[in-house]
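These notes concern the structure reproduced below.
Bear in mind the structure is a predicted one, so any value in this text is a computation, not a measurement.
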Amino acid sequence: MADNNKITFSANSVVSCVLYAVIGILLIALRSGSLGILFTVVGVLFVAMGIYDFVKRLYTRGAVETVVGVVILVCGWTVAEWVLLIFGVLLIIKGVLDIVNNYKSGFKAIISPIVITVIGVVLVVSKFALIDVMCIVAGVIFLVNAVLILFDRQIV
């Protein structure tokens, strides 16, 4: 009789599991501070890719990658502020449109749009108030995903 409950782990799934777990722990422990590390890593990677492509004589691509990397390194938090502001405005617009479209359907139909609108307003008014909470939630999702990867499943 074959044992169908036998669990096998591939080297790839173990490495992915460890990476997800490390990212999850960093997000939970450092919260918004982890974003500064992320900006630095991504910026350096873009600059490195740009230099590599420039050496390979892909001048336009290399120049664009290098400029993007420098912008991320120098203006990472400014870019994050703009992204949060735009995301907040889009959530407000979506929430209000959903409220208008669903108000005749009763209170249950507009609970979710009201929550979406409130989250959008909070993002616009106090951009970084929710970043720590979002980092913790993302960290928990990464940790859950780390465990699920071992069993060939993912949620993100």
Side-chain angles (χ1 to χ4, degrees), residues 4 6-98 100-101 112-113 115-156:
N4 292 334
K6 184 177 179 184
I7 298 173
T8 59
F9 303 112
S10 69
N12 196 18
S13 67
V14 171
V15 169
S16 295
C17 172
V18 169
L19 287 174
Y20 271 91
V22 167
I23 292 170
I25 291 168
L26 285 174
L27 283 168
I28 292 170
L30 300 176
R31 291 177 291 280
S32 60
S34 62
L35 294 178
I37 296 168
L38 179 67
F39 291 146
T40 303
V41 169
V42 170
V44 168
L45 287 174
F46 265 100
V47 169
M49 287 185 326
I51 293 169
Y52 177 75
D53 284 342
F54 210 76
V55 168
K56 287 178 55 177
R57 298 178 192 242
L58 300 170
Y59 300 117
T60 304
R61 182 176 172 175
V64 169
E65 289 170 340
T66 303
V67 167
V68 168
V70 170
V71 167
I72 291 172
L73 285 169
V74 174
C75 306
W77 283 108
T78 304
V79 171
E81 284 182 30
W82 279 101
V83 168
L84 288 174
L85 180 66
I86 291 168
F87 187 60
V89 169
L90 291 174
L91 284 177
I92 292 169
I93 292 169
K94 181 185 180 353
V96 169
L97 289 175
D98 287 349
V100 169
N101 290 333
S112 178
V115 171
I116 289 171
T117 305
V118 168
I119 291 172
V121 169
V122 171
L123 278 175
V124 169
V125 173
S126 58
K127 296 174 204 84
F128 292 104
L130 290 181
I131 282 193
D132 284 341
V133 173
M134 290 189 301
C135 285
I136 291 170
V137 169
V140 169
I141 290 171
F142 270 89
L143 287 174
V144 168
N145 212 23
V147 173
L148 292 177
I149 284 175
L150 287 176
F151 302 103
D152 290 330
R153 295 186 177 25
Q154 280 185 298
I155 56 176
V156 284

Give a yes or no on whether the backbone of Arg61 and the side-chain of Asp53 come within a donor-acceptor separation of less than 3.5 Å. no
Any chance CZ of Phe39 has more than 12 other-residue heavy atoms, nucleotides or ligands included, within less than 6.0 Å? yes
Applying side-chain contact (heavy atoms from CB on, under 4.5 Å) between Ile86 and each of Leu84, Leu90, Val89, report the one that passes. Leu90
Under the side-chain contact (heavy atoms from CB on, under 4.5 Å) rule, what do Leu35 and Cys135 come out as? Steps first, then yes or no, please. CA-CA 9 Å; Leu35 294 178; Cys135 285; 4.3 Å; yes
Rounding to 0.5 Å, atoms CD1 (Ile72) and CH2 (Trp77) come to a distance of 13.5 Å
What's the spacing between Ile116 CD1 and Leu97 CG if we round to 0.5 Å? 11.0 Å
In Å and rounded to the nearest 0.5 Å, what is the CG to NZ distance from Asn101 to Lys94? 9.0 Å
Do you know which two heavy atoms are closest between Ile51 and Thr66, and how far apart they sit? N-OG1, 3.9 Å
Report yes if some heavy atom in the side chain of Thr117 is under 4.5 Å from a heavy atom in the side chain of Leu91; otherwise report no. no
Indicate the atoms forming the closest heavy-atom contact of Gly88 with Leu123, along with that distance. CA-CB, 3.8 Å
Please check: side-chain N/O of Ser34 versus main-chain N/O of Leu30, any donor-acceptor pairing under 3.5 Å? no
Beyond-backbone contact of Val55 with Tyr52, side-chain heavy atoms, under 4.5 angstrom: no
Please lay out, stage by stage, how Leu143 and Tyr20 fare under the test side-chain contact (heavy atoms from CB on, under 4.5 Å). CA-CA 6 Å; Leu143 287 174; Tyr20 271 91; over 6 Å; no
Test log, rule side-chain contact (heavy atoms from CB on, under 4.5 Å), inputs Ile92 and Val124: CA-CA 9 Å; Ile92 292 169; Val124 169; 3.9 Å; yes
With side-chain contact (heavy atoms from CB on, under 4.5 Å) as the test, would you mind laying out the steps for Arg31 and Ile136 before giving the verdict? CA-CA 6 Å; Arg31 291 177 291 280; Ile136 291 170; 3.6 Å; yes
Distance in Å, Ile23 CD1 paired with Ile28 CD1, rounded so as to fall on 0.5 Å steps: 12.0 Å
Got a donor-acceptor contact below 3.5 angstrom from the Asn145 side chain to the Ile141 backbone? no
From Phe142 atom CZ to Ile25 atom CD1, the distance as rounded to the nearest 0.5 Å: 12.5 Å
Residues Ile149 and Cys17: closest non-hydrogen pair is CG2-N, 4.1 Å
